[in-house]
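Labels below follow one simple rule: chain letters A, B, ... track the order of the sequence lines, proteins then strands, and each chain is numbered from 1. These numbers were taken from a predicted model, which means no experiment stands behind them.
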Amino acid sequence: MGCGDEKLKAGASLKWLGALPVFYILVFFVLPVAVLVQEVFSVSIPGRFQDLDLWSNTVAVAVGASLQALLSALLAVVVGFPLAGLMINYEFRFRTILQSLIYVPFVLPTLVTGLAIRQMLNGVVSPGLVLLIIAHAYVNLAVIVRVVGNAWQGIDRRLIITAQALGATPLKVLSSIVIPLIKSAIFRAFALVFVFSFSSLGLVLVLGGGQQTLETRLLRQVSLLLDFPAAAVTASVQLLLVLTVLLLAGRSNSRINQPAMFAPQQLPKSMYTAVVVAIVVFLAPLIWLVNSSFVTSQGLLLSNWSLVLQDFQTWQALSNSIEISLMTAGLTAVVGVAAAMTIHSGIFGKLNGVLVLPLSVSSVTIGLGLLLAVRSREILAVPDWLLPSIAHSLVALPFVTAILLPPVRALDLKWITAAASLGAKPLRAKATAIMPILKMALPAVFSLAVAISLGEFGAASFLADYDNPTLSVLLLRLLNRPAVEAAGMASVLAVILMIATILLTVVWQQYESAKNVQR
Amino acid sequence: MKRLFFIFTLVLVAAIVVGTNLLSNNPRASGTVTLLTHDSFVLSEQMISDFENETGLKLKIVSAGDAGTVLSSAVLSAGQPTADVIFGIDNTMLSKALAGNIFDAYTSPEFEFLADSFQNSFGGLVSPIDFGDVCINYEIEKYGSNPPKNLDDLIKPAFANQLVVSDPASSSPGLAFLLATIATYGTNWADYWTQLRANGVKVVGSWSDAYYVEFSKGGGGGVYPMVLSYATSPAAEIVYAEEPKPEFASTAAMSSGCFRQVEYAGVLRGAKNKAGAELVIDWLLSAQVQADIPLNMFVYPTRAGIELPVEFSKFAQPVLEPLSLDHDEIANNLDSWLAEWDAVMKN
């Protein structure tokens with residue numbers, strides 16, 4: 001399919017590029033986990049690991065959780081695919097707002113989204129498998145839209161136009177052209193949602209109605225029973241299963257795509273209802289949380305807002321969240337670009353598998369590992385303020401790399417050859433060609449990395465300076481206080497978090513669509 | 001227009017970040033002592049700056065999530081701790097903490113001022129800092145002159161389908177309630193839970209779910225007038241209310257069937273700043289900090305003679321005969337108790 005079939009020549013300049021992501025994962029993930037494993041062994045009775053009952057119980061829980069995750073991912077793809085199509089192919093008035101709103105359930109701490117959904121559907125759907133699947137699909141739609149959407153955007157429009165000129169119906173266009181070309185992206189998105197639903201904790205606790213996952217089991221073993229060997233068994237089963245899923249997903253090679261050369265068409269009037277429905281669905285938690293931010297034991301008042309906004313700690317937490325998420329985005333972008341280029345150039349194709357390792361492991365494990373490596377054994381000399389960003393970037397890396405791969409693959413090598421023939425040195429030639437492509441993809445990279453970082457509270461509560469919590473951690477501390485106003489104040493923080501997310505993503509959408517139009 | 005919006009947002013974000021950094025107070029002191037605690041730890045800023053001024057040390061507080069995960073991280077790093085002093089080990093975890101050999105013995109000069117019932121330091125290894133009671137809370141208006149009075153009431157038909165509790169495996173008060181039933185009914189505790197289940201008790205995953213979603217006075221439109229919470233929850237309701245404060249709380253707590261939770265602090269073995277750690281223990285036991293604890297963490301001080309805030313004396317439920325279990329018994333049986341609870345409640 002055009003010049004994209006050639007791989008970039010593996011020059012010396014690219015070899016060291018590949019070292020960066022590998023080094024990053026080795027130092028900030030493998031090493032801490034190794035330290036943790038060693039400590040676990042040193043405090044455990046050896047015989048415990050050979051307990052067959054323990055293993056079979058763990059596997060049984062894993063099977064149940066897999067089923068739940070499978071159904072969640074299926075629902076997410078079924079709903080997310082048309083949504084992605086809508087966002088990519090059409091232009092309509094509220095497009096930018098809807099694009100940002102899709103991120104909202106994804107960014108909010110899962111405990112908050114879970115509680116909002118519980119309250120909204122209290123009496124309608126009770127906690128259990130069905131509610132959990134719906135919630136998982138809802139929260140992860142952003143993943144589908146992003147990953148599938150980006151790939152869809154890379155399809156050569158000429159194929160579609162030609163097919164339509166030959167009389168193909170929209171359905172035929174979808175099934176013969178679109179889906180085959182992006183099916184690996186669909187599968188990858190499916191796998192990611194599977195992993196998220198499998199490893200989910202907050203939503204399971206609030207909406208699961210007693211469903212057990214390996215994550216809840218791990219929490220119980222680490223946080224209650226202090227049964228470290230059992231925790232190690234749970235973590236191992238989790239790692240094996242999730243890693244297998246992600247590696248299978250990464251295997252499928254996508255066809256090389258041409259960069260998009262089209263302007264989205266105006267939305268036909270008949271589809272307006274779909275847009276309105278989508279907006280309402282994504283706006284619902286926002287509205288609900290805004291409403292509950294006014295709830296006090298004496299009825300609806302502004303008091304929660306005045307309490308929170310007058311508290312200096314709120315502003316500090318907001319500032320801290322922004323700083324951490326921007327640092328996360330920076331780290332992830334640099335390492336992600338290096339990773340994407342390395343994977344595409346074929347030097348280290350398996351890098352994809354290495355990058356998803358952190359996703360296969362619970363944030364508790366990463367958090368404990370980093371804590372031990374940095375503060376206890378002092379093997380790693382990392383400044384404290386950088387730790388949360390590092391933990392977040394480990395989670396964001398695989399996504400960011402997935403977003404960067406299509407543009408890297410679509411690299412028009414004629415630019416490089418042209419630049420080289422004009423006398424530019426190889427590195428300069430590649431840089432000149434790469435920059436426009438990356439400029440196009442970086443807004444998406446930044447917005448996703450910031451989104452992941454803003455809502456994360458597991459690693460953040462572990463690693464951030466206690467006196468200087470992030471917004472999410474502050475929010476969760478409030479939820480532990482037994483008073484209606486505390487929940488109201490937590491809702492205020494959730495609304496602030498949402499506004500921050502929407503602002504940031506709207507900014508980047510503007511930048512992105514501006515760049516698209518220019519091309 | 002888009003450009004303007006972009007610049008505006010950039011300026012706003014920069015203002016927030018720079019402004020808060022300029023306005024926040026970072027005292028520079030010569031040494032640092034690090035306190036490891038859970039994410040429910042709260043004290044007034046004044047207490048912390050008093051400590052720093054009096055000792056010349058910077059108090060750095062680190063957390064590792066909830067109390068159990070904090071203890072896990074301490075056990076895994078025993079001898080090479082990530083902090084100097086730890087606070088927040090409660091009686092359900094104490095046995096594991098002691099078995100994990102994470103403490104260095106230290107008896108504070110303030111220890112003798114603790115109330116008689118708290119004079120046990122388990123060989124000088126830990127100091128009890130605060131205590132609280134987990135009790136069934138209920139909506140006053142709903143029950144009028146016939147509120148639930150003890151655990152036996154909860155299985156009576158008159159109180160059917162009115163109670164929501166949280167899962168002992170994922171919620172600290174949930175666990176306390178399970179232990180309360182074990183302390184009350186001994187080996188027949190599983191029968192009690194069978195009857196509770198038959199009487200329509202609702203079990204949810206977390207305390208916040210139970211309180212904020214299911215409880216009728218939790219603001220979430222819930223329909224359950226009884227919820228598992230703390231003896232001080234009615235006081236918290238008043239404390240957080242906006243002025244003018246209501247004269248009466250809308251919720252109250254049962255005085256019977258309450259399980260006592262005691263929180264301990266201890267110097268970590270191998271701490272870099274052992275002297276500093278000891279000063280922190282003295283500070284936690286001091287009269288000023290003990291008096292500061294109630295309105296911040298909604299638990300009671302262990303020191304004798306501390307004056308309680310008026311909201312506590314008016315609205316919190318005093319528990320005269322709290323239930324408790326031996327900490328070793330808890331540690332040895334927790335796994336099988338939880339498994340049995342699962343078997344009774346989740347089929």
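- At a 4.5 Å heavy-atom cutoff, the contact between Asp342(B) and chain A is made by side-chain atoms alone.
- Leu338(B) places a side-chain heavy atom less than 4.5 Å from the side chain of Leu225(A).
- Leu76(B) CG to Leu372(A) CG: the interatomic distance, rounded to the nearest 0.5 Å, is 6.0 Å.
- No part of Val35(A) comes within reach of chain B, as not one of its non-hydrogen atoms sits under 4.5 angstrom from that chain.
- Of the listed residues (Met297(B), Met345(B), Lys96(B)), the greatest number of heavy-atom pairs within a distance under 4.5 Å of chain A belongs to Lys96(B).
- Both the backbone and the side chain of Val206(A) come within contact range of chain B, with heavy atoms under 4.5 Å apart.
- Atom-to-atom distance recorded for Arg220(A):CZ and Asp335(B):CG is 7.5 Å, nearest 0.5 angstrom.
- Judged by distance alone, the side chain of Ser72(B) and the main-chain N or O of Val222(A) form a donor-acceptor pair under 3.5 Å.
- In this structure, Leu224(A) CG and Leu334(B) CG are separated by 5.0 Å, a value rounded to the nearest 0.5 Å.
- Between chain A and the residues Thr69(B), Asp167(B), Val213(B), the largest count of heavy-atom pairs under 4.5 Å involves Val213(B).
- Using modelled atom types, one side-chain atom of Ser376(A) and one backbone atom of Gln80(B) make a donor-acceptor pair closer than 3.5 Å.
- The 12-atom threshold is not exceeded at CH2 of Trp315(A), counting heavy atoms of other residues, nucleotides or ligands nearer than 6.0 Å.
- Residue Leu36(A) touches chain B through its side chain alone, counting heavy-atom pairs closer than 4.5 Å.
- Taking Glu214(B) as the reference, Arg118(A), Lys202(B) meet the side-chain hydrogen bond (donor to acceptor under 3.5 Å, both in side chains) condition, with sequence neighbours excluded.
- Not counting sequence neighbours, Glu45(B) has no partner by the side-chain hydrogen bond (donor to acceptor under 3.5 Å, both in side chains) test.
- For Gln221(A), no part lies under 4.5 angstrom from a heavy atom of chain B.
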